[in-house]
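Notes to accompany the following structure.
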2 protein chains.
Amino acid sequence: MTAIKESSTIQENRKNILEQCPVMYVMGKIGGFWKPIILFHLSTGSKRYSELKRAIPEVTEKMLIQHLKQLESDGLVVRIAKAVVPPHVTYELSEAGNQLSPVIDAMAEWAFQDMQRDYK
Amino acid sequence: MTAIKESSTIQENRKNILEQCPVMYVMGKIGGFWKPIILFHLSTGSKRYSELKRAIPEVTEKMLIQHLKQLESDGLVVRIAKAVVPPHVTYELSEAGNQLSPVIDAMAEWAFQDMQRDYK
DNA sequence: CAGCATCCGCAAGGATACTG
DNA sequence: CAGTATCCTTGCGGATGCTG
């Protein structure tokens, strides 16, 4: 937590903090609004693209595919495409993604507790 | 996860999903880029505003105070101001904020594991 | 079915300067 | 010390239409 070196740009700063702070490292990977919910849905088993779309109708296709790609390139999600016509693509959690489940679960558990508090 | 009612606006949709998906409920509260790191720093004990600023030099004052306010109004953080000159303000986790620690910890733990994986 | 390309508005966020 | 206020840029994210 000490000695952040003087840096010139915000990007470098952000890079530094990402390397330095474990929490931010995580946020760099699952920080997008939709990423956790995608992971949440995939945590119950692998899903096809269209299934995800139906499961999360609020997200636009652009956002969905964009986040899926990022999750994939961040090694959290595995894309499995069967070379058939019509295309058949499924997404599932990688091992790293699976190990993230405790985080998602902890979030969910906290949410239920927090919802019951009476502050509004 | 079923029967999301037809809604007109994206805002309503997002509202629905926030109410419906526990994970998104959490993201609504700690989804900002800096919020988790603020909570992370506060999880080691209450801190003064200036201490937080020094601990997270990358965040601008605007973002810091903005997120602190949101965290406060979301009941995760308690602001304690001593009416002295010069001002003395400390921030600390509320009980709800404290109960969020497992999430933060799980994130941190996952981060360390993930960093050791060899994908880049 | 599973995407990609393009356009575009709007709000999140950064820099800077000022104040109780 | 602990903020506010203002301006301005960036890019997230929505809508629509097209493709292998």
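- Near DNA chain C, defined here as any heavy-atom distance below 4.0 Å, the residues from residues 61-70 of chain B are B:Lys62, B:Met63, B:His67, listed numerically.
- Following rounding to the nearest Å, A:Ile80 (CD1) and C:dA2 (P) show an atom-to-atom distance of 13 Å.
- A:Tyr49 places its OH atom 15 Å from the C1' atom of D:dG20, with the value rounded to the nearest Å.
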All N/O donor-acceptor pairs, side-chain side in residues 99-107 of chain B, below 3.5 Å, sequence neighbours left out:
from, atom 1, to, atom 2, distance (Å)
B:Gln99, OE1, A:Arg117, NH1, 3.3
B:Gln99, OE1, A:Arg117, NH2, 3.2
B:Gln99, NE2, B:Glu95, OE2, 3.0
B:Ser101, OG, B:Asn98, O, 2.9

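- Remark: P of C:dC1 and CG of A:Leu52 are 14 Å apart, rounded to the nearest angstrom.
- For the atom pair CG (B:Leu76) and CG (B:Leu71), the distance works out to 5.5 Å, reported to the nearest 0.5 Å.
- The side chain of A:Pro87 sits closest to C:dA2 out of D:dC1, D:dA15, C:dA2.
- Between A:Trp34 and the choices A:Thr60, A:Leu64, A:Ile56, A:Leu39, the side chain to side chain contact (heavy atoms under 4.5 Å, CB included) rule is met once, by A:Ile56.
- Residue B:Arg48 has a polar side-chain atom (N or O) positioned under 4.0 Å from OP1 or OP2 of D:dA2.
- Between A:Lys82 atom NZ and C:dG3 atom P the separation is 14 Å, expressed in whole Å.
- The phosphate of C:dG13 (OP1 or OP2) has no side-chain N or O of B:Thr60 nearer than 4.0 angstrom.
- When the side-chain nitrogen and oxygen atoms of B:Tyr91 are compared with OP1 and OP2 of D:dC1, none of them lie within a distance under 4.0 Å.
- Rounded to the nearest 0.5 Å, atoms CD1 (B:Ile38) and CD (B:Gln70) are 9.0 Å apart.
- Overall, the helix from C:dC1-D:dG20 to C:dG20-D:dC1 carries an axis bend of 60° between its ends, with five pairs at each end and the value rounded to 10°.
- Note that CG of B:Leu68 and CD of B:Gln66 are 10.0 Å apart. Values are rounded to the nearest 0.5 Å.
- Summarising the geometry, atom NE2 belonging to B:His67 is positioned 10.5 Å from atom NZ belonging to B:Lys62; distances are rounded to the nearest 0.5 Å.
- Rounded to a whole Å, the NE2 atom of B:His88 is 11 Å from the P atom of D:dG3.
- Going from atom CZ of A:Phe40 over to atom CE of B:Met27 covers 13.5 Å, rounded to the nearest 0.5 Å.
- To the nearest angstrom, P of C:dC1 lies 12 Å from CD of A:Glu51.
- One can place CD1 of A:Ile56 at 13 Å from P of D:dG14, the figure rounded to the nearest angstrom.
- The side chain of B:Ser50 places an N or O atom within less than 4.0 Å of a non-bridging phosphate oxygen (OP1 or OP2) of D:dA2.
- For the pair B:Lys53 NZ and D:dT4 P, the interatomic distance rounds to 13 Å; values are reported in whole Å.
- Among the nucleotides C:dA2, D:dA2, D:dG3, the one closest to the side chain of A:Arg79 is C:dA2.
- Looking at every heavy atom in both residues, B:Glu51 comes nearest to B:Arg48 through OE1-N, 2.7 Å.
- Between A:Arg79 atom CZ and A:Ser94 atom OG the span is 15.5 Å, to the nearest 0.5 Å.
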